[in-house]
Number of protein chains: 2
Amino acid sequence: MTDIPASDARARYERIYATLRKRICLLDYPPGRRLREEDLAEEFHTSRTPIRRVLARLEDEGLLWSVHGVGTIVTDIDIEELSQVYRLRIELAELIGKLMPVPPDQAMLNELFEMEARCAELASRLDAREFARLNMDFFQLILRLTANEPLRDISERLYFQTTRIWLKTASRFDHYRDMLRLEVESFQREMRDVMLAIESADLSAVGHVRRAHLTTSFSRLLAEARSDKKADIN
Amino acid sequence: MTDIPASDARARYERIYATLRKRICLLDYPPGRRLREEDLAEEFHTSRTPIRRVLARLEDEGLLWSVHGVGTIVTDIDIEELSQVYRLRIELAELIGKLMPVPPDQAMLNELFEMEARCAELASRLDAREFARLNMDFFQLILRLTANEPLRDISERLYFQTTRIWLKTASRFDHYRDMLRLEVESFQREMRDVMLAIESADLSAVGHVRRAHLTTSFSRLLAEARSDKKADIN
DNA sequence: ACTTTCGCAGTTGTATACAAATTGGTGAGC
DNA sequence: GCTCACCAATTTGTATACAACTGCGAAAGT
């Protein structure tokens with residue numbers, strides 16, 4: 001059996017999809033932003049047709065919303081609506097260590113060490129966008145701890161549905177930097193706890209650790225958002 | 001706020017999608033079957049363009065596989081590969097009763113009674129295709145027991161990824177009718193247990209019941225499939 | 001007889017012209 | 001000055017012509 005031809009059409013499709021998804025989740029395209037198919041077609045040196053396939057998928061996943069005659073708009077996100085996605089993510093986090101766990105190899109451990117270094121550097125510099133990127137990379141590394149592919153796909157999908165909310169919420173606050181510091185510190189603890197669990201060769205413990213951190217991180221966010229909304233009303 | 005315009009383009013898209021998905025899962029389009037975009041376009045009185053959007057989604061979900069220059073082919077299914085999806089479905093079954101449970105209204109109970117009648121009738125007639133349809137309807141009713149929409153979406157998606165396997169596996173056996181009878185009886189018990197759990201107003205019990213039945217039903221299938229493979233080798 | 005090459009038929013992928021829908025503004029009417 | 005109707009610009013949705021690719025078979029060469 002030879003290599004799969006890799007069908008560069010499909011490869012390009014995946015590349016554009018990943019690119020746009022990342023832009024949306026890092027708020028390069030903030031909620032409400034209108035994307036023009038023709039602009040994207042020009043940027044990626046193609047026609048509207050392949051672009052439309054990418055946009056259709058992003059729409060199916062809830063990141064975009066196309067309206068005939070108007071445009072393709074980045075969806076807005078509301079923390080109350082997203083709380084359901086979080087509830088589910090919290091449950092799935094535990095499954096990652098339970099369903100077909102994959103002991104990490106040395107390459108993976110090395111990547112983890114690198115990330116820890118990036119995190120330490122981040123703790124002193126406090127760059128929100130860089131935090132979001134690190135968080136994303138860490139998540140995708142964690143996914144490699146399970147060989148259950150549907151679980152990986154679904155977890156990733158839900159991750160990208162929720163991850164924008166932190167950046168968006170925090171950017172509205174004046175104590176933005178305080179929130180970020182708190183979050184980076186919490187993330188640092190999560191990485192440390194995950195590494196300890198991995199070292200003790202207990203992947204289900206990784207699940208418990210991540211579940212706990214996801215829960216606290218979400219309720220912290222929820223509390224902030226609600227206090228903000230209350231302040232708006234008054 | 002008035003009614004959403006319902007954008008009949010999107011409604012048609014959803015309709016065609018649901019139609020083709022059902023055909024694939026009832027084996028009207030068996031694994032390996034080649035679909036021609038132009039035929040489908042003609043059947044649904046449209047052009048290839050909207051059809052291609054539907055096919056792209058079915059491909060993303062693993063039910064189809066498009067190859068440039070060859071055709072769009074219904075994917076084959078292998079029970080060993082699908083066991084991962086089953087593992088996940090088993091875990092999610094329990095969540096349906098746990099995350100935002102929705103007490104069933106009278107209309108839903110009536111539908112359940114109707115299904116029970118269909119099931120009883122089925123037990124005497126033994127029609128595999130009708131069994132698959134009833135199973136599908138029952139599953140979609142169960143989904144209404146949770147208001148957690150992402151959980152609903154994901155559970156549905158995984159259901160349609162796995163449901164063909166029973167029909168496909170069973171149809172290869174000469175004791176096909178025995179298998180079907182066994183399966184219908186098991187399904188009948190599942191419905192009864194679910195209704196008992198609902199009557200006692202304990203939706204998390206529904207989850208446990210369904211988890212248990214899904215587990216046994218899958219291992220039964222797995223055992224059959226493996227004994228068959230072994231017989232092939234000898 | 002076997003192998004290899006070439007070409008044709010058939011299908012999906014891409015580009016593009018056109019249709020349909022919405023928005024915003026402009027001007028007539030009051 | 002205000003309202004309403006209508007038109008034009010803009011953008012997504014659809015249809016279709018064409019390009020790219022694959023598989024198969026025929027035919028030529030050995």
Side-chain angles (χ1 to χ4, degrees), chain A residues 1-20 23-24 29-76, chain B residues 1-20 23-24 29-76:
Chain A
M1 177 114 43
T2 66
D3 272 315
I4 294 167
S7 170
D8 54 357
R10 194 154 319 183
R12 180 181 62 176
Y13 162 70
E14 294 289 347
R15 204 190 73 234
I16 299 177
Y17 167 75
T19 303
L20 294 187
R23 286 182 189 171
I24 293 170
Y29 297 151
R33 162 80 176 261
R34 241 180 52 206
L35 305 181
R36 282 180 15 90
E37 297 178 349
E38 211 147 347
D39 290 348
L40 294 172
E42 195 180 353
E43 175 184 350
F44 293 102
H45 303 97
T46 180
S47 75
R48 284 177 55 208
T49 308
I51 297 294
R52 281 179 62 74
R53 175 166 178 177
V54 173
L55 297 184
R57 175 158 170 199
L58 289 167
E59 187 179 349
D60 284 337
E61 297 186 350
L63 299 180
L64 292 179
W65 188 51
S66 286
V67 183
H68 190 178
V70 177
T72 303
I73 296 146
V74 177
T75 53
D76 201 355
Chain B
M1 178 111 47
T2 66
D3 271 312
I4 294 166
S7 170
D8 55 357
R10 194 154 317 184
R12 180 182 63 176
Y13 162 71
E14 293 289 346
R15 204 190 73 234
I16 298 178
Y17 166 75
T19 303
L20 294 187
R23 286 182 188 172
I24 293 170
Y29 297 151
R33 162 79 177 262
R34 239 179 54 205
L35 305 182
R36 283 180 15 90
E37 298 177 349
E38 211 147 346
D39 290 348
L40 293 172
E42 195 180 352
E43 176 184 347
F44 292 103
H45 303 98
T46 179
S47 75
R48 284 177 55 210
T49 308
I51 297 293
R52 281 180 61 75
R53 177 168 177 176
V54 173
L55 297 183
R57 177 160 170 198
L58 289 167
E59 186 178 350
D60 285 337
E61 298 186 350
L63 298 181
L64 291 179
W65 188 51
S66 286
V67 183
H68 190 179
V70 178
T72 304
I73 296 147
V74 177
T75 53
D76 201 355

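Quick caveat, the model's predicted, so the values are computed rather than measured. Order of the sequence lines fixes the chain letters, A, B, ..., with proteins taken first and strands second; residue numbering starts at 1 for each chain.
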Checklist line | Straight-line distance of A:Leu20 CG to A:Phe44 CZ, nearest 0.5 Å | finding: 5.0 Å
Next item on the list: Hey, could you give me the CG/CD1 distance between A:Leu40 and A:Ile16, rounded to the nearest 0.5 Å?
Entry: 8.5 Å
Please report, rounded to the nearest Å, how far the [atom2] atom of [N] is from the [atom1] atom of [X].
X: B:Ile51; N: D:dG13; atom1: CD1; atom2: P; answer: 16 Å
X: A:Arg53; N: C:dA15; atom1: CZ; atom2: P; answer: 14 Å
X: B:Ile16; N: D:dT14; atom1: CD1; atom2: C1'; answer: 12 Å
X: A:Asp8; N: D:dA19; atom1: CG; atom2: C1'; answer: 14 Å
X: B:His68; N: C:dT12; atom1: NE2; atom2: C1'; answer: 5 Å
X: B:Arg10; N: C:dA21; atom1: CZ; atom2: P; answer: 14 Å
X: A:Trp65; N: D:dT11; atom1: CH2; atom2: C1'; answer: 14 Å
X: B:Ile73; N: C:dT12; atom1: CD1; atom2: C1'; answer: 11 Å

Check: Is it true that A:Arg10 and A:Glu14 have a side-chain N and a carboxylate O under 4.0 angstrom from each other?
Finding: no
Next item on the list: Look at the side-chain N and O atoms of A:Thr72 and state whether any lies under 4.0 Å from the OP1 or OP2 oxygen of D:dT12.
Entry: yes
Notebook entry, point to check: For C:dG13, does OP1 or OP2 lie under 4.0 Å from any side-chain N or O of A:Arg12?
Noted result: no
Checklist line | Greater than 12 external heavy atoms within 6.0 Å of B:Glu38's CD | finding: no
Check: Between A:Ile24 and A:Leu64, does a side-chain contact (heavy atoms from CB on, under 4.5 Å) hold up when you go through it step by step?
Finding: CA-CA 9 Å; A:Ile24 293 170; A:Leu64 292 179; 3.9 Å; yes
Item checked: Option from A:Leu55, A:Thr75, A:Thr72, A:Leu58 for which side-chain contact (heavy atoms from CB on, under 4.5 Å) with A:Trp65 holds -> A:Thr75
Next item on the list: Identify the two heavy atoms, one from A:Ile73 and one from A:Arg34, that lie closest to each other, and give their separation to 0.1 Å.
Entry: CG1-CG, 3.6 Å
Check: Looking across every strand, which nucleic acid part, if any, lies under 4.0 Å from A:Thr49 by heavy atom: base, sugar-phosphate, or nothing?
Finding: base
Next item on the list: Would you indicate which nucleotide in D:dT12, D:dT22, C:dG13 comes nearest to any side-chain atom of B:Val70?
Entry: D:dT22
Next item on the list: List in numerical order all residues of residues 32-48 of chain A for which some heavy atom is under 4.0 Å away from an atom belonging to DNA chain D.
Entry: A:Arg34, A:Leu35, A:Arg36, A:Glu37, A:Arg48
Checklist line | Position toward the 5' end of DNA chain C (nearest nucleotide), A:Val67 or B:Arg52 | finding: B:Arg52
